[in-house]
Amino acid sequence: MLRVFTDFDGPIIDVSQRYYRVYQYCLEQTRLPEQQINILTYPEFWQLKRDRVSEVKIGEMSGLTSEQAQAFSQLRKKTVHTHPYFEYDTLVPGAVDALSKLVFTGVDIATMTMRRTSELDFALQKYDLGQFFPLNRRFCLSDDYVKTRDVDDKPLLMGRSLAQLAPAVDTWMVGDTEADIAAAKTHNIKVIAVESGIRDRAQLESFQPDFIVPNLLSAVELIFSYSTVSY
Ligand SMILES: [Mg+2]
């Protein structure tokens, strides 16, 4: 059996508009009425995120004082995973085709995400993605999970999911951040990084995934060409 774990945000869902709306909101909330600020454009903002520039630094680059930038960063953290902002998420082009291809070919697919159950359910329902992931193939954080850091939490989540699943002959992980790469490497799973998410190629290279490809569809093609399981 061939098994593919895919991260959710990055390979399947594009969160960039949500993050940008939250950025604009937090900037507006933090600035003083008369204060001159420099609102970054969406491409400028997203490139900074892809380059792993901190929220505090992004606040400062937007014209906030360092004290304000701290408050901006705190507010952003509280706001980014809330409604109504989840409404701004969009599907990554080709992601549904990629998932269909995997399921059609009989690959065992599971999603592994730092979303909480209710946040994952919202997107699965909105984009009709539940069909690809039966309940026992959704690995996420419970609604009351106390998050630490994704690079620590995700390897733990991967460990819990591997303990629940029957062993596969060949297993792959697809993700868009250092947390996905760390999770896979911790458990000796081959990992493909995609450039459709929140890290650019240079950042991904520094974490040394096995492969870097543009998106989930190219990852699926690569898996079929390399897998030891034949179809
Ligand atoms: Mg991700």
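For ligands, and for the atoms within them, numbers begin at 1 and follow the listed sequence. Computed over heavy atoms, backbone and side chain alike; hydrogens, waters and symmetry mates excluded. Fair warning: this is a prediction, and the values are worked out from it, not measured in the lab.
The angle that Asp9 O and Asp176 OD1 make at the Mg ion (ligand 1), rounded to 10°, works out to 90°.
Its N, O or S atom nearest to the Mg ion (ligand 1) is what matters here, and for Asp7 that atom is OD2.
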Quick one, Arg199 with Glu205, criterion salt bridge (charged side-chain N to carboxylate O under 4.0 Å, His left out). Give me CA distance, side-chain angles, the key distance, then yes/no. CA-CA 10 Å; Arg199 298 289 180 259; Glu205 271 168 0; over 6 Å; no
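A salt bridge does not link Lys49 with Glu44: none of the charged nitrogens is closer than 4.0 Å to a carboxylate oxygen. Using a cut-off of 4.0 Å between Lys/Arg side-chain N and Asp/Glu carboxylate O, Glu195 and Arg50 are scored as not salt-bridged.
For NZ of Lys126, the number of neighbouring non-hydrogen atoms (other residues, nucleotides, ligands) closer than 6.0 Å is greater than 12.
Not a single N/O/S atom of Asp180, whether from backbone or side chain, sits less than 2.8 Å from the Mg ion (ligand 1).
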